[in-house]
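Below: the structure, in structure tokens.
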Amino acid sequence: MSDRIARRLAGPIAAALALCAGVEAHAQTLPLRYLGQQTLPFGATFGGTTVGGLSGIDYDAPKDRYVAISDDQTNARYYSLTLGITATGFNSVAVNGVTSFKSPTGTTYATGTIDPESIRLSGRGTVYYSSEGFANAGVPAFVREAALDGTYLRDLSIPAYYAPTTTSGIRNNLAFESLTLADGGTTLVTGLENALIQDGPASTGTTGSPSRILSFSTLTSLATAEYVYQDDPVAVPPVGTAFSVNGLVELLSLGGTQYLGVERSYTVGAPGTGYSIKLYGIDTAGATNVLGLPSVTGISYKPVAKSLLLDLGTLGVPLDNIEGVTFGPTLASGERSLVLVADDNFSTTQIQQFLAFAVGSVPEPATWAMMIVGFGAAGLVLRRRRDVPLRA
């Protein structure tokens with residue numbers, strides 16, 4: 001992150017750390033107040049479907065409801081949810097609708113053609129969703145727009161060099177995990193979890209991976225900018241052939257050129273749950289626009305600026321597979337609600353869990369550091385899970 005932005009964030013970060021240590025912080029540090037958690041029982045059903053794998057969430061303000069996409073490759077769908085969040089607690093989660101996405105041919109998606117990951121409402125009666133594709137089978141990743149009833153409307157135009165081949169394009173299970181809307185809804189942004197094959201290696205225990213962040217105009221469907229984002233190495237190097245991964249799994253617009261980025265690392269056999277999750281402040285201002293360059297290998301470029309806001313591992317709480325985040329409504333206290341959801345991967349060793357928080361006001365970019373570090377002060381205790389390979 002640039003020196004200018006680092007100076008802006010230094011105060012909030014210091015105040016946040018003081019809060020987490022039990023020292024009184026100034027009011028402008030925007031403390032985050034934990035309201036509670038709710039879970040859905042494993043195997044819960046609705047409308048003939050199993051409610052699980054919720055990997056993305058967004059809030060529909062006009063209807064005062066939430067939508068959550070299911071990471072189910074056999075039936076692409078999203079759920080309508082009601083969350084009982086008040087200024088004094090988090091009381092309930094209710095599933096009250098399910099909608100299947102339709103393929104461009106008007107039929108339900110065939111198994112092996114979609115890997116749903118993220119969801120964002122456009123604010124104009126449509127919904128965007130992403131798929132990681134299946135690179136090993138030559139199935140490309142995509143970002144699509146649909147009507148609220150799931151009817152296909154259009155594809156956003158992915159550059160040709162993302163197409164999966166044996167020597168180039170997306171990597172299997174390391175493509176479009178994230179979506180966020182920016183610039184008043186005129187820009188849609190996604191990011192790769194790890195590098196295109198031709199751009200460099202995937203993250204390992206010793207090296208990071210040069211992913212790409214890709215922006216589209218929602219007016220034209222065309223890509224408008226592309227930047228390199230440097231992922232960290234895997235937090236805990238694997239032993240032998242044990243599964244491990246680290247990459248960019250979520251983006252959230254903070255206004256202008258700034259974003260919140262979530263990097264998730266997982267290693268089978270690592271201490272605790274095997275997860276390491278880091279939250280970064282990201283700024284694309286000044287980064288090289290590499291749109292149109294099939295490969296950045298051997299090319300001089302400036303990646304996006306990133307600054308560590310919080311390593312969740314330093315907070316002493318068990319970590320699990322949180323993949324979705326959204327703002328909710330303003331509470332009676334005047335605070336803004338914030339909701340996170342964990343993808344249970346349809347596994348009995350994980351939880352379909354929702355966490356609710358209240359923040360003092362709609363955060364400005366420079367105060368996000370305080371908000372994020374405030375997770376540590378919330379005193380969360382997440383259920384531990386046994387070591388199983390992650391299906392991202």
Side-chain angles (χ1 to χ4, degrees), residues 42-58 67-80 95 97-122 126-166 168-179 188 190-194 196-197 214 216 221 245 249 321 323-324 341 343-347 350 352 388-392:
F42 179 78
T45 61
F46 184 91
T49 68
T50 299
V51 182
L54 303 184
S55 59
I57 190 168
D58 205 8
V67 295
I69 194 167
S70 176
D71 184 5
D72 186 346
Q73 301 169 6
T74 65
N75 180 11
R77 61 189 182 276
Y78 74 90
Y79 292 94
S80 174
V95 181
V98 61
T99 303
S100 293
F101 287 112
K102 303 298 191 300
S103 72
T105 63
T107 61
T108 56
Y109 282 95
T111 300
T113 62
I114 184 173
D115 182 6
E117 293 294 347
S118 192
I119 187 169
R120 294 294 176 188
L121 295 162
S122 70
T126 65
V127 60
Y128 293 103
Y129 61 104
S130 66
S131 168
E132 281 197 304
F134 301 92
N136 288 351
V139 178
F142 62 73
V143 177
R144 286 179 175 162
E145 186 177 15
L148 292 179
D149 67 0
T151 302
Y152 170 84
L153 294 177
R154 62 170 174 164
D155 276 61
L156 277 70
S157 183
I158 309 295
Y161 43 85
Y162 280 71
T165 73
T166 57
S168 65
I170 60 168
R171 283 184 159 86
N172 202 62
N173 211 30
L174 293 172
F176 297 145
E177 283 269 356
S178 57
L179 283 180
L188 186 70
T190 186
L192 291 173
E193 189 173 349
N194 267 197
L196 296 171
I197 292 174
L214 182 61
F216 304 91
S221 302
V245 66
V249 296
N321 193 29
E323 290 189 337
V341 66
D343 177 359
D344 70 351
N345 289 317
F346 297 95
S347 170
Q350 295 181 254
Q352 191 59 78
V388 295
L390 173 72
R391 183 173 62 81

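Along the sequence shown, residues carry numbers from 1. This is a predicted model, so every value here is computed, not measured.
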Requested in this report: Determine the minimum heavy-atom distance between I119 and D58, stating which atoms define it.
Outcome: O-CB, 4.0 Å
Report task. Report the C-alpha distance between L148 and L121 in whole Å, list the side-chain angles of each, state the deciding distance to 0.1 Å, and finish with yes or no for side-chain contact (heavy atoms from CB on, under 4.5 Å). Result -> CA-CA 9 Å; L148 292 179; L121 295 162; 3.9 Å; yes
Report summary line: All heavy atoms of E177 vs all of S118, minimum pair found to be O-CB, 3.4 Å
Query raised in the report: Checking N136 side chain against N172 main chain: does a donor-acceptor pair fall under 3.5 Å?
Result: no
Query raised in the report: Any sub-3.5 Å donor-acceptor pair from D343's side-chain atoms to N321's backbone N or O?
Result: no
Query raised in the report: Is a side-chain donor or acceptor of S130 paired with a backbone partner of F176 at a separation under 3.5 angstrom?
Result: yes
Requested in this report: Looking only at non-hydrogen atoms, find the nearest pair between E193 and V245 and report the distance.
Outcome: OE2-CG2, 3.8 Å
Query raised in the report: Which heavy-atom pair separates T126 from E145 by the least distance, and what is that distance?
Result: OG1-OE2, 2.5 Å
Requested in this report: Show your reasoning for whether side-chain contact (heavy atoms from CB on, under 4.5 Å) applies to I114 and F142.
Outcome: CA-CA 9 Å; I114 184 173; F142 62 73; 3.7 Å; yes
Report task. Indicate yes or no for a side-chain donor-acceptor contact from S131 to the backbone of P116 under 3.5 Å, with no hydrogens or angles considered. Result -> no
Report task. State the CG-CZ distance between N173 and F134, to the nearest 0.5 angstrom. Result -> 8.5 Å
**Report entry** Geometric class of the Y129/Y109 ring pair [parallel <30°, tilted 30-60°, perpendicular >60°]
**Finding:** perpendicular
Requested in this report: Nearest 0.5 Å please: distance from the OG atom of S157 over to the OH atom of Y162.
Outcome: 11.5 Å
Report task. Please answer whether the main-chain N or O of R77 pairs with a side-chain N or O of S100 as donor and acceptor at a distance below 3.5 Å. Result -> no
Query - Pairwise side-chain contact, T105 with Y152, heavy-atom cut-off 4.5 Å (strictly under) - result: no
Requested in this report: Pick out which of Q350, E323, Q352 makes a side chain to side chain donor-acceptor pair (under 3.5 Å) with N345.
Outcome: Q350
Requested in this report: Evaluate side-chain contact (heavy atoms from CB on, under 4.5 Å) for T99 paired with S80, printing each intermediate quantity in order.
Outcome: CA-CA 8 Å; T99 303; S80 174; over 6 Å; no
Query - Spacing of CZ belonging to F346 relative to CG belonging to D71, to within rounding of 0.5 Å - result: 7.0 Å
Query raised in the report: Given side chains that start at C-beta, do those of I69 and E117 come closer than 4.5 Å, heavy atoms only?
Result: no
Query raised in the report: Quick check: does any side chain N or O of D344 sit under 3.5 Å from a backbone N or O of G53, one acting as donor and the other as acceptor?
Result: yes
Requested in this report: Decide yes or no on side-chain contact (heavy atoms from CB on, under 4.5 Å) for V139 and D115, but give the supporting numbers first.
Outcome: CA-CA 10 Å; V139 178; D115 182 6; over 6 Å; no
Report task. Hey, could you give me the CG/OG distance between L188 and S122, rounded to the nearest 0.5 Å? Result -> 10.0 Å
Query - Value rounded to 0.5 Å, distance of OG1 in T49 from CG in D72 - result: 8.5 Å
Query raised in the report: Closest approach of V95 and F46, non-hydrogen atoms and distance?
Result: O-CE1, 3.3 Å
**Report entry** Pairwise distance OH(Y161) to CG(L196) - rounded to 0.5 angstrom
**Finding:** 8.0 Å
Report summary line: When every non-hydrogen atom of I57 is compared with those of R120, the smallest separation belongs to O-NH1, 3.5 Å
